[in-house]
Amino acid sequence: MEVKDYMTLPYTRLVQEINDESGHYYYGRILELDGCQSTGDTLDELYESLNEAMEGYLEVKLENNLPIPVPEKPSSYSGKFNVRLPKSLHQRLAIEAEKEGVSLNQLVLYKLAL
């Protein structure tokens with residue numbers, strides 16, 4: 001495969017809006033490609049710079065015959081996983097869910113999505 005082929009694959013882009021001591025900007029990364037990240041003052045700038053970063057990342061990997069991860073299909077995942085946690089944390093989460101009037105599952109999903 002060539003760079004252009006990889007660029008068409010449905011990689012997962014994670015975008016965050018940042019407001020910190022350096023100002024307001026957007027940060028993005030390609031989850032499957034470790035270290036492939038960029039920033040931009042606007043979303044359009046971010047997507048453009050992230051695509052440039054991705055292209056450079058892929059070129060280096062291909063030039064050096066290094067493996068390139070490909071995105072997995074969402075159908076590869078069931079949407080379920082088990083987590084073991086301390087009884088005290090389980091208790092705190094159950095109490096919080098009850099106070100909020102939601103199931104423990106809904107509360108945990110909300111907290112993971114933050």
Side-chain angles (χ1 to χ4, degrees):
M1 280 182 38
E2 295 179 24
V3 170
K4 64 181 171 91
D5 300 315
Y6 283 101
M7 294 294 290
T8 63
L9 297 177
Y11 284 101
T12 307
R13 288 165 170 79
L14 177 67
V15 175
Q16 289 178 279
E17 185 174 10
I18 307 290
N19 285 301
D20 61 17
E21 63 278 351
S22 61
H24 175 266
Y25 61 98
Y26 294 91
Y27 165 79
R29 63 187 176 117
I30 308 296
L31 291 181
E32 295 88 350
L33 306 178
D34 189 39
C36 186
Q37 58 191 357
S38 193
T39 61
D41 291 333
T42 66
L43 285 173
D44 287 340
E45 283 182 22
L46 170 64
Y47 284 114
E48 185 177 326
S49 65
L50 193 55
N51 282 338
E52 288 173 10
M54 186 176 169
E55 192 171 336
Y57 178 98
L58 294 168
E59 286 171 355
V60 168
K61 290 285 192 177
L62 288 170
E63 288 170 6
N64 293 288
N65 293 316
L66 297 171
I68 300 172
V70 294
E72 291 189 39
K73 295 178 179 144
S75 60
S76 301
Y77 300 94
S78 68
K80 298 177 185 178
F81 69 98
N82 294 319
V83 178
R84 298 212 183 272
L85 51 128
K87 290 178 183 180
S88 59
L89 178 56
H90 187 178
Q91 178 186 21
R92 285 194 342 242
L93 291 169
I95 291 169
E96 185 177 345
E98 187 175 332
K99 285 182 181 177
E100 294 292 326
V102 297
S103 70
L104 179 58
N105 209 43
Q106 288 173 312
L107 178 73
V108 171
L109 179 61
Y110 168 75
K111 289 184 175 284
L112 286 173
L114 292 177

Do any side-chain atoms of residues 103-114 form donor-acceptor pairs under 3.5 angstrom with protein atoms, and if so which ones, sequence neighbours left out?
unit_1	atom_1	unit_2	atom_2	d
S103	OG	Q106	N	3.0
S103	OG	Q106	OE1	3.3
Q106	OE1	S103	N	2.9
K111	NZ	E96	OE2	3.2

Query raised in the report: Which residues pass the side chain to side chain contact (heavy atoms under 4.5 Å, CB included) test with D34, sequence neighbours left out?
Result: none
Requested in this report: Kindly write out the residues that satisfy side chain to side chain contact (heavy atoms under 4.5 Å, CB included) with V60, not counting sequence neighbours, or none if the list is empty.
Outcome: N64
**Report entry** Counterpart residues, side chain to side chain contact (heavy atoms under 4.5 Å, CB included), relative to Q37 (two or more places apart)
**Finding:** Y27, R29
Query raised in the report: What is the distance from atom CG of L62 to atom OH of Y57, rounded to the nearest 0.5 Å?
Result: 10.5 Å
Requested in this report: Find the distance between OG1 (T8) and CD (E2) and round it off to the nearest 0.5 Å.
Outcome: 11.0 Å
**Report entry** Same apolar cluster: L33 and M1, side chain cutoff 4.5 Å
**Finding:** yes
Query raised in the report: Applying the 4.5 Å side-chain criterion to the ILVMFWY set and letting contacts propagate, would L66 and M7 be lumped into a single cluster?
Result: no
**Report entry** Atom pair NE2 (H24) and OG1 (T42), whose distance is rounded to the nearest 0.5 Å
**Finding:** 10.0 Å
Query - Residue pairs passing the salt bridge (charged side-chain N to carboxylate O under 4.0 Å, His left out) test where at least one lies in residues 37-49, sequence neighbours excluded - result: none
Query raised in the report: Is there a side-chain contact between D20 and Y25 (heavy atoms, below 4.5 Å)?
Result: yes
Query raised in the report: Hey, what do you get for CD (E98) to CD1 (I95), rounding to the nearest 0.5 Å?
Result: 8.0 Å
Query raised in the report: Considering residues at least two apart in sequence or located in another chain, which fulfil the side chain to side chain contact (heavy atoms under 4.5 Å, CB included) criterion with R13?
Result: Y11, I30, Y47, L50, N51, M54
